[in-house]
There are 2 protein chains.
Amino acid sequence: MSLKHLILALVAQKPSTGYEITHEFDAVSSFFWRATHQQIYRELAALAEDGLLRFKAVEQKSKPDKKVYSITAKGRKAFAAWFAEAGSPPRQTDPLMIKFFSGELGGIDELRNQLRLARAAHEARLKRLEAVEAEHYGEPVAEMPRWKQCIYLTLQLGLARERVWLEWADMSDRVLAKGARRS
Amino acid sequence: MSLKHLILALVAQKPSTGYEITHEFDAVSSFFWRATHQQIYRELAALAEDGLLRFKAVEQKSKPDKKVYSITAKGRKAFAAWFAEAGSPPRQTDPLMIKFFSGELGGIDELRNQLRLARAAHEARLKRLEAVEAEHYGEPVAEMPRWKQCIYLTLQLGLARERVWLEWADMSDRVLAKGARRS
DNA sequence: CCTATCTATGCACCAAGTTGCATATGAACT
DNA sequence: AGTTCATATGCAACTTGGTGCATAGATAGG
């Protein structure tokens with residue numbers, strides 16, 4: 001289960017609160033993950049219960065109290081063990097593919113409409129990723145520190161995926177449009 | 001929930017048993033979906049309970065009895081309604097990206113090892129998809145019937161994704177290797 | 001006053017996915 | 001006989017993701 005390990009990694013980099021992690025996810029989720037605050041708090045509690053994290057309660061003025069989590073040695077070990085495991089193939093599912101699979105049943109015109117809607121969403125996502133790249137990754141990769149290179153590479157995969165999706169979408173629309181003219 | 005709709009689509013194309021659907025998934029999952037027989041039977045029962053499918057029990061000789069499901073008018077309506085809905089962005093998560101994100105913590109050598117393992121899996125998947133293409137989609141797309149074009153397009157996206165992933169993997173390995181030589 | 005936003009945390013329930021286990025018959029192989 | 005595979009169906013428990021709702025204090029705006 002990978003949310004657990006992403007949280008361990010974040011806390012290992014810097015002791016953090018659930019609130020901070022939630023906000024980090026709002027940024028990171030642009031690339032490669034998504035989690036709600038409910039999930040994050042739930043997981044933090046479980047990790048602390050299992051001894052992989054510990055927390056210190058901190059009182060604040062004019063703000064609610066907060067819990068700052070840090071990683072334990074047991075947590076570091078668990079992370080390293082997971083890191084060295086061979087992963088299993090990620091689940092890659094997209095309901096739009098069901099719509100394509102059942103395109104004749106649902107209707108080709110509606111399918112093309114669905115494709116247009118999805119295309120707009122993917123374009124918006126590509127623009128967001130490009131904005132992140134422009135804002136944070138202006139220097140040549142060879143000049144980036146190691147940690148930054150690694151993150152940069154996750155961004156590059158996100159960008160490449162969006163671009164290939166858009167190319168595929170345009171090709172699909174051409175294929176479907178040709179048939180439409182014929183009938 | 002999309003498994004439900006994929007099942008509706010399959011049953012709409014041809015009345016089917018849970019066993020047949022499970023086997024269809026084993027093939028379809030190569031492209032774009034995955035489901036266990038437990039899920040499928042669970043969903044079939046729910047769809048029948050809700051009146052979207054009906055079934056006829058059939059006795060067989062030297063084989064267990066089977067249930068052949070077919071779609072009801074209510075099921076067709078539900079499918080059409082879903083088909084016309086704007087979908088939400090698919091969840092795209094890959095634990096390998098967490099490993100990249102936390103590459104310095106986990107170790108660059110191990111990260112490159114993980115990349116190699118993943119690369120082998122993606123290459124195998126690409127070969128499988130290419131074999132499907134060669135076996136079933138030899139003719140030009142313009143000559144395919146409409147239903148076949150739609151399925152062909154799902155395959156093309158699968159192929160394009162795998163290819164772009166492999167390009168990204170090779171680029172990433174080069175970036176990580178350069179740093180390795182430097183340190 | 002009310003509403004909205006921010007900081008900060010959390011309970012509860014449901015949905016969807018995963019895994020283990022099960023029944024039963026028949027055929028083929030060791 | 002036991003094992004394996006195929007046909008065919010299904011229960012149960014747990015995990016992981018999603019959604020709704022909640023508490024509490026402070027600040028700003030209508």
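A, B, ... follow the sequence lines: proteins, then strands. Residue 1 opens every chain.
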Quiz prompt | Any N/O donor-acceptor pair, A:Q38 side-chain to D:dG20 base, under 3.5 Å | solution = yes
Quiz item: Looking at B:K148 and B:E139, does any basic side-chain N land under 4.0 Å from a carboxylate oxygen?
Solution: yes
Quiz item: Do B:E104 and A:R146 meet the salt-bridge criterion of a basic N to acidic O distance under 4.0 Å?
Solution: no
Quiz item: Name the stems that DNA chain C belongs to, where each is three or more consecutive Watson-Crick or G-U pairs with both distances under 3.5 Å?
Solution: C:1-30 with D:1-30
Self-check item: Check: B:F100 ring centroid to B:W168 ring centroid under 6.0 Å
Solution: yes
Practice problem: Please state whether the base of C:dG17 and the side chain of B:R42 form at least one donor-acceptor pair under 3.5 Å? | Solution: yes
Self-check item: B:Y69 vs B:P64, nearer the 5' end of DNA chain D by closest nucleotide
Solution: B:P64
Quiz prompt | Electrostatic pair A:K14:A:E24 at N-O distance under 4.0 angstrom | solution = no
Quiz item: Do the numbers put A:K99 on top of the ring of B:W82, so that NZ or CZ is under 6.0 Å from the six-membered ring centre and no more than 45° off the axis?
Solution: yes
Self-check item: Length of the CG-P vector between B:L47 and C:dA16, whole Å
Solution: 11 Å
Quiz prompt | Polar side-chain atom of B:T36 near backbone of B:Q39 as donor-acceptor pair, under 3.5 Å | solution = yes
Quiz prompt | Neighbour count >12 (heavy atoms, 6.0 Å) for atom CD, B:E59 | solution = no
Quiz item: Quick one: A:K66 NZ to D:dT23 C1', roughly how many Å, whole number?
Solution: 19 Å
Practice problem: Indicate, with a heavy-atom threshold strictly under 4.0 Å, whether B:T36 touches base, sugar-phosphate, or nothing. | Solution: base
Quiz item: Which of these nucleotides, C:dA8, D:dA6, D:dG17, is closest to any side-chain atom of B:Y19?
Solution: D:dA6
Quiz item: Once you round it to whole Å, what is the distance between P of D:dT16 and CG of A:L3?
Solution: 9 Å
Exercise. Could you tell me whether A:T22 contacts a base, only the sugar-phosphate backbone, or nothing, with contacts defined as non-hydrogen atoms closer than 4.0 Å?
Key: nothing
Quiz item: Out of C:dC21, D:dA8, C:dT18, which nucleotide sits closest to the side chain of A:R91?
Solution: C:dT18
Self-check item: Whole angstrom value for the distance that separates C1' of D:dT7 from NZ of B:K61
Solution: 17 Å
Self-check item: Interatomic distance, A:K4 NZ vs D:dG17 C1' [rounded to whole Å]
Solution: 17 Å
Quiz prompt | Partner residues of A:D170 under the salt bridge (charged side-chain N to carboxylate O under 4.0 Å, His left out) criterion, sequence neighbours left out | solution = A:R119
Self-check item: Closest to the B:R34 side chain, choosing from C:dT9, C:dT18, D:dG17
Solution: C:dT18
Practice problem: Looking at every strand, decide which applies to B:Q60 at a 4.0 Å heavy-atom threshold: base, sugar-phosphate, or nothing. | Solution: sugar-phosphate
Quiz item: Just how far, in rounded Å, is C1' of D:dC21 from OH of A:Y41?
Solution: 15 Å
Quiz item: For DNA chain D, whose closest nucleotide is more 5', that of B:T17 or that of B:T93?
Solution: B:T17
Quiz item: In whole Å, what is the span from the NZ atom of A:K63 to the P atom of D:dA26?
Solution: 13 Å
Exercise. Would you mind reading off the distance between A:K67 atom NZ and D:dA24 atom P, rounded to a whole angstrom?
Key: 17 Å
